Number of protein chains: 2
Amino acid sequence: MFEVLVAHILEKVALTEEEQTVLKSFFTPKKLRKRQYLVQEADICKHLSFVTKGLLRSYHVDEKGEEHISMFSLEGWWASDMYSFFSGEKASFNIDAIEETEILMISLEGFEEMTLRIPVMDRYFRILFQNSLVTKERRLVSAITHTAEEKYIRLAECNPTLIQRVPQNLIASYIGLAPETLSRIKKNISSRKSS
Amino acid sequence: MFEVLVAHILEKVALTEEEQTVLKSFFTPKKLRKRQYLVQEADICKHLSFVTKGLLRSYHVDEKGEEHISMFSLEGWWASDMYSFFSGEKASFNIDAIEETEILMISLEGFEEMTLRIPVMDRYFRILFQNSLVTKERRLVSAITHTAEEKYIRLAECNPTLIQRVPQNLIASYIGLAPETLSRIKKNISSRKSS
DNA sequence: CATCCTGATTGACGTAGATCAAGTTTATTT
DNA sequence: AAATAAACTTGATCTACGTCAATCAGGATG
């Protein structure tokens, strides 16, 4: 489990053997079965979690009770309601497992102590957040400028794994479409291909 | 100029007097007049810029030639095509000045040297990016879940300064609406108020 | 003072995608 | 293997918002 985490961090910054050991000490492993919640809206999100295996979804429920998925976290990604985690306020997202999932969790106190004891971790997270920001920016542009079909095609190109592993209705929710619409879009695409 | 920058950083991390001096040495000031470009699509975005005065917009032009504003940068905010800046690839955003604007610019080499010489700057940017990520996440949720009217109302509540300083058609572009639609929405809102 | 130019408003009309509803297929659970 | 639930498809209809086009108001600019 821990190797996945360490390997992921080593891609961005260097850590001594000792730092690696210290780092690991801040994390606790946890297993989630399918459909199990990691964070529930209105709880406080006490942990930042690194996915070593499986797949999580973060989603928000609007006033009408509709779910809107804001992100998927595959192996090698982090998951958390960042606002809740860093501020200590109530979470506005739910996070649950789409597949059987294994994670490594760190608490806020742990996080803070970790960045003090291993300062390059600030750099690691600076780079991580910086990259996420670029990705999120792209999604925002896509959400506003592209048609439903374009959004789906882009996602399928950039993230083929997701399309394979995630049920179609969740993909629809992720790109902001009604499931029926996505179904029709896929039909169109494939009928166009075969002609 | 520099005081605005230093003050802004000191809100998040501590800097010694010496570090402050070193920090300043990495930045060069620049003035932009109204409508002047800071970054043009297809150029490489060579700088990360901190706005000390004025107002910038970052926008993306789609295949049909439509502009989509992705962010405004007021005093105290940063502006850049982050992807282009950090990767050295061509920019996909344009950035220009809505008002007369003064900025402080740092190059990528400067940025890298700065984080090595003043390691807490990694922490500063970690926190900055972390907060931006939360904000961007919120916008994404809003873009997908809210109606046109809700989007406008939220923006007006969270960011009244923007509404005052930015022409309405640019606000429309920012929330992903046709200018006509925003005009009608405002009319509805005010007619409802007066009834 | 006249003329641009940029931005805002209003109306008529079109369309992408949502919603509702029914039926079918595919997974889980027992 | 039966039972139940979740996921996907298809059709009919509705609506929020976009598009096009004309008009209007207020600053700049000559």
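Predicted model, so just to flag it, every value in this text is computed and none were measured. Chain A is the first sequence line, chain B the second, and so forth, proteins listed ahead of strands; every chain is numbered from 1. The figures here come from the full heavy-atom set of this structure, side chains too, leaving out hydrogens, waters and symmetry mates.
- Spacing between atom CD of A/Q168 and atom C1' of D/dA6 amounts to 13 Å, rounded to whole angstrom units.
- Looking at heavy-atom distances under 4.0 Å, A/K34 makes contact with sugar-phosphate atoms alone, never a base.
- Distance, B/E149 CD to D/dT15 C1': 15 Å, rounded to whole Å.
- As a whole-Å value, the separation of A/E99 CD from D/dA7 P is 13 Å.
- Of the residues A/Q130, A/R138, A/E137, the one that meets the side chain to side chain contact (heavy atoms under 4.5 Å, CB included) test with B/Y83 is A/R138.
- Between B/K187 and C/dT9, a side-chain N or O to OP1/OP2 separation shorter than 4.0 Å is absent.
- D/dA16 atom C1' lies 16 Å from atom NE2 of B/H146, rounded to whole Å.
- Across the protein-nucleic acid pair, B/Y152 atom OH and D/dC17 atom P stand 15 Å apart, rounded to whole Å.
- The aromatic rings of B/F86 and B/F129 lie perpendicular to each other, with more than 60° between the two planes, well past the 30° mark.
- Between A/F72 and A/Y174, the angle of the ring planes lies from 30° to 60°, which puts this pair in the tilted group.
- Contacts between residues 169-186 of chain A and DNA chain C, defined by a heavy-atom separation below 4.0 Å, involve A/G176, A/L177, A/A178, A/E180, A/T181, A/R184, listed by number.
- Rounded to whole Å, atom P of D/dC17 lies 13 Å from atom CD1 of A/I144.
- Follow the hydrophobic side-chain contacts under 4.5 Å out from A/I9 and you never reach A/V51; the two are in separate clusters.
- A/D62 has its CG atom 13 Å from the C1' atom of C/dA18, to the nearest Å.
- Closest approach of A/K53 to A/T101, counting heavy atoms only: O-CG2, 3.0 Å.
- What separates CD1 of A/I98 from P of D/dA6 is a distance of 15 Å, to the nearest Å.
- Both A/M1 and A/V22 are assigned to one and the same hydrophobic cluster, defined by single-linkage of ILVMFWY side chains at heavy-atom distances under 4.5 Å.
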